[in-house]
Protein chains: 2
Amino acid sequence: IVTLDNVYRAYKMGSEIIKAVDGISLKITQGEVCCLQGPSGSGKSTLLHLMAGLDKPTKGSIHIGKTRIDKLNENQLAVFRQRYVGFVFQNYYLIPTLTALENVTMPLSFCGMSRKKRTERAKELLEAVGLKDRMKHKPSELSGGQQQRVSIARAFANNPKIIFADEPTGNLDTANAFEMMKLMTSMARQFNQTLVIVTHDVELSEFATRIIKLRDGKIEKIENGRDQ
Amino acid sequence: IVTLDNVYRAYKMGSEIIKAVDGISLKITQGEVCCLQGPSGSGKSTLLHLMAGLDKPTKGSIHIGKTRIDKLNENQLAVFRQRYVGFVFQNYYLIPTLTALENVTMPLSFCGMSRKKRTERAKELLEAVGLKDRMKHKPSELSGGQQQRVSIARAFANNPKIIFADEPTGNLDTANAFEMMKLMTSMARQFNQTLVIVTHDVELSEFATRIIKLRDGKIEKIENGRDQ
Ligand SMILES: Nc1ncnc2c1ncn2[C@@H]1O[C@H](COP(=O)(O)OP(=O)(O)OP(=O)(O)O)[C@@H](O)[C@H]1O
Ligand SMILES: Nc1ncnc2c1ncn2[C@@H]1O[C@H](COP(=O)(O)OP(=O)(O)OP(=O)(O)O)[C@@H](O)[C@H]1O
Ligand SMILES: [Mg+2]
Ligand SMILES: [Mg+2]
């Protein structure tokens, strides 16, 4: 469902060129749970943003399904992402003036769902991530791990075909991190969604169908996960 | 060096009262590496902010050394923290318009150090956390783990007596997380600094003199670390 063909992403810093993604080709299949690992600064977030259409490559092509997303303009991308893509950001990017419930209903407001159905769906997701008693809290009234869980709920809200998650459990204790991975993978299985998850947590990679290891913007190796 | 006596921190949310910290008494000794653990939402960040004078308790007293910090006014607290306290925030709070180098020199600008010495000190710290080639980058031009490392360097910049760190390695891969813990504990030993570190990473607690486990705003138990 996601195809990267010889993708590069470089940044020009004065006289220096930083190769955040330095020649990556990759095919991710529908329904896969693809785990992305590698040292700090190896290009994981950059790669994830490119795959989700949140950034454009310097070279190479990126397809989601049959759509070549690196050639879409900003408006087309916004519509495309709204329908097909969910994203959990490394620093959540929740809207500070909205409650947890409002943050999760936001992606649904473009779906033609009634207000009543949107709230029901958002409540269901927030309950699933363990935040039943925190729905009226704004982000500043939530702990770090609670904000992270709101951001996970939001990514699943509109039932996207692919969910990209950048360190979705970095701020959670082991028990909660496991709960979140079980929840995300079981929801994804139920709706045949594809998950691409960046995580430093070596224990969580047991949930993966494949583990892709990055180093210096390149793929160092690919391992098969337990789900073969 | 840090003394909490029957400390409470409650939040009023409409008709509900949330007991983030629900009766904690604790003494932390100079030079200790104190690890704070517990489930998401158990009160770790709240407790850390109270200890560092970044928040006031609803009840109870907090001393750093002989100074009762919950009775200082905003100006007195700012001066006190500037001299004695370093803080690594769960979401870094780097200044987005400043480079990594400028972010680290900032705490030093109140120390009476010459500009040349401040830059030297900041470069030394950024090199120690592995960011020698990223000093001119702004936070938006750094990976998540790199931003976290700048925030660690900044906390040590003015050689404070106590450093409070809220999940300082949450966004780092295992190898880098270990490097950071080794670095922080060895710097602290060298200058007899006290470290109070919130971390979900069970492996990192081997660096601790004591491990304090929280649950629902209370201390569940205290374990002795390897350093006994
Ligand atoms: N301003 C606030 N208003 C209301 N409730 C709050 C506020 N700030 C924090 N809380 C609540 O207090 C509790 C403790 O929060 P805290 O941030 O200390 O948890 P934590 O242990 O650091 O969690 P995490 O591991 O997820 O970072 C949480 O349940 C949170 O929802
Ligand atoms: N806007 C930018 N300008 C210059 N360099 C950048 C920019 N954004 C990222 N980089 C660099 O690109 C490299 C890859 O960054 P990326 O955020 O993808 O790493 P990462 O693998 O997600 O790291 P982490 O595990 O720390 O989150 C880093 O070395 C970073 O400094
Ligand atoms: Mg990243
Ligand atoms: Mg916290």
Side-chain angles (χ1 to χ4, degrees), chain A residues 11-16 18 20 37-48 89-94 99 129-131 133-149 166-167 169-177 179-180 198-203 213-215 217, chain B residues 11-16 18 20 37-48 89-94 99 129-131 133-149 166-167 169-177 179-180 198-203 213-215 217:
Chain A
Y11 294 102
K12 207 166 184 314
M13 294 283 294
S15 58
E16 203 191 344
I18 294 182
Q37 296 190 336
S40 175
S42 52
K44 305 177 297 296
S45 297
T46 306
L47 188 62
L48 215 67
F89 292 90
Q90 199 163 3
N91 39 21
Y92 331 142
Y93 288 143
L94 297 176
T99 64
V129 299
L131 292 177
D133 318 317
R134 292 286 182 272
M135 296 197 192
K136 296 271 161 63
H137 287 232
K138 297 205 186 70
S140 60
E141 298 164 336
L142 292 171
S143 78
Q146 290 167 344
Q147 291 176 41
Q148 196 159 38
R149 285 183 270 159
D166 202 345
E167 308 269 357
T169 59
N171 275 303
L172 298 176
D173 51 283
T174 315
N176 270 304
E179 284 309 305
M180 283 309 106
V198 170
T199 179
H200 286 304
D201 202 326
V202 169
E203 293 194 27
K213 303 205 169 173
L214 293 193
R215 183 173 291 278
Chain B
Y11 294 101
K12 207 168 185 312
M13 294 282 295
S15 59
E16 204 193 340
I18 294 182
Q37 298 190 337
S40 174
S42 52
K44 306 178 296 296
S45 296
T46 306
L47 189 62
L48 215 67
F89 292 91
Q90 197 163 4
N91 38 21
Y92 330 142
Y93 289 144
L94 296 177
T99 64
V129 300
L131 292 177
D133 318 319
R134 292 287 181 271
M135 295 198 192
K136 295 271 161 63
H137 288 233
K138 298 204 186 70
S140 59
E141 297 163 337
L142 293 170
S143 77
Q146 290 166 345
Q147 292 174 41
Q148 196 158 37
R149 285 183 271 160
D166 201 347
E167 306 270 359
T169 59
N171 276 304
L172 298 175
D173 52 284
T174 314
N176 270 305
E179 284 309 303
M180 284 307 106
V198 169
T199 179
H200 286 304
D201 201 325
V202 169
E203 293 194 27
K213 303 205 170 175
L214 294 193
R215 182 173 291 278

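Order of the sequence lines fixes the chain letters, A, B, ..., with proteins taken first and strands second; residue numbering starts at 1 for each chain.
Among A:E167, A:H137, A:Q37, A:E16, the residue making the largest number of heavy-atom pairs under 4.5 Å with chain B is A:H137. Ranking A:K44, A:Q147, A:R134, A:Q148 against chain B, the residue ahead of the rest is A:R134, based on heavy-atom pairs under 4.5 Å.
For B:S40, the side chain to side chain contact (heavy atoms under 4.5 Å, CB included) partners at least two apart in sequence or on another chain are A:S143, A:Q146, A:R149, A:L172, A:D173, A:N176. Remark: B:D133 engages no residue in a side chain to side chain contact (heavy atoms under 4.5 Å, CB included) (not counting sequence neighbours).
Atom NZ of residue A:K136 and atom CE of residue B:M13 lie 9.5 Å apart, to the nearest 0.5 angstrom.
Neither the backbone nor the side chain of B:V198 comes within less than 4.5 Å of any heavy atom of chain A. Only the side chain of A:I18 comes within less than 4.5 Å of a heavy atom in chain B; its backbone stays farther off.
A side-chain donor-acceptor contact under 3.5 Å links A:H200 to the backbone of B:N171.
Contact of the B:N91 side chain with the A:N91 side chain is not registered, since no non-hydrogen atoms from C-beta on lie closer than 4.5 Å.
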